[in-house]
Amino acid sequence: MPARTAKTESAACTAVSFWLVKQEPATYSFAQFQKEKVTAWTGVRNFQARNNLRAMKKGDAVLYYHSNDDRAIVGLAEVVKTAYPDPTATEGDWSCVDLKAIRAFAKPLALTQIKTDAALKNIVLIRQSRLSVMPVTPAEFVRILKLTGD
DNA sequence: GCCAACGTTGGC
DNA sequence: GCCAACGTTGGC
């Protein structure tokens, strides 16, 4: 195999996208996720969120947001398996992906901080507060990592 | 507990 | 195809 091919493939693999998933900590906290290490992200029943799940690639980075009680971005995960039929769906065309927990952030980033940060003013988390799976721009991702102490 | 945002459903 | 009614999510 020519070296050029391997190089191209490796470049494609490193071109990750960034996402954010939302979950109520009372339902499935990041701590629980870390204990299980890998989890199937099932139960999404919203077309926009589903389409985002389907756009995820293996190796993409996923921020983990706790809604309700915490209201903070608390950890980082990665996509380990791309979209496949959601086994918890009894009807309809729904998908899920497999996510692996990477680490909890040293300093969780509170929603209140996100709202006051100029670099994050257009983040989908704020613009579309009800969406549970959403894209994050590279600039936003870098900014969030900085604010979480990573 | 309230309310705003927004997605879905069903009548017309 | 429009729109009112209703249900859900999630911040406050």
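Computed from a prediction, not measured in an experiment: that's the story for all the values here. Labels below follow one simple rule: chain letters A, B, ... track the order of the sequence lines, proteins then strands, and each chain is numbered from 1.
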Under 3.5 Å between N/O atoms: give me all the protein pairs with nucleotides 9-12 of chain C, atom names plus distance.
| residue | atom | partner | partner atom | Å |
| --- | --- | --- | --- | --- |
| dG11(C) | OP1 | Y65(A) | OH | 2.7 |
| dG11(C) | OP2 | N68(A) | N | 3.0 |
| dC12(C) | OP1 | K115(A) | NZ | 2.6 |

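Within the model, atoms CG of L147(A) and CG of L120(A) stand 6.5 Å from one another, a figure rounded to the nearest 0.5 Å.
Look at CZ on R127(A): it is 16 Å from C1' on dC6(B), rounded to the nearest Å. Computed from coordinates, the N46(A) CG to dC6(B) C1' distance equals 10 Å when rounded to whole Å.
In this structure, the side chains of M56(A) and V133(A) come closer than 4.5 Å at one or more pairs of heavy atoms.
Among residues two or more places apart in sequence or in another chain, the side-chain contact (heavy atoms from CB on, under 4.5 Å) test is passed with A139(A) by T137(A).
Ring pair Y28(A)/W41(A) is perpendicular by interplanar angle, where above 60° counts as perpendicular and below 30° as parallel.
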In residues 93-102 of chain A, what donor-acceptor pairs under 3.5 Å come from side-chain atoms, sequence neighbours left out?
| residue | atom | partner | partner atom | Å |
| --- | --- | --- | --- | --- |
| D93(A) | OD1 | R54(A) | NH2 | 3.0 |
| D93(A) | OD2 | R54(A) | NH2 | 3.3 |
| S95(A) | OG | R54(A) | NE | 2.8 |
| S95(A) | OG | R54(A) | NH2 | 3.2 |
| D98(A) | OD1 | Y84(A) | OH | 2.5 |

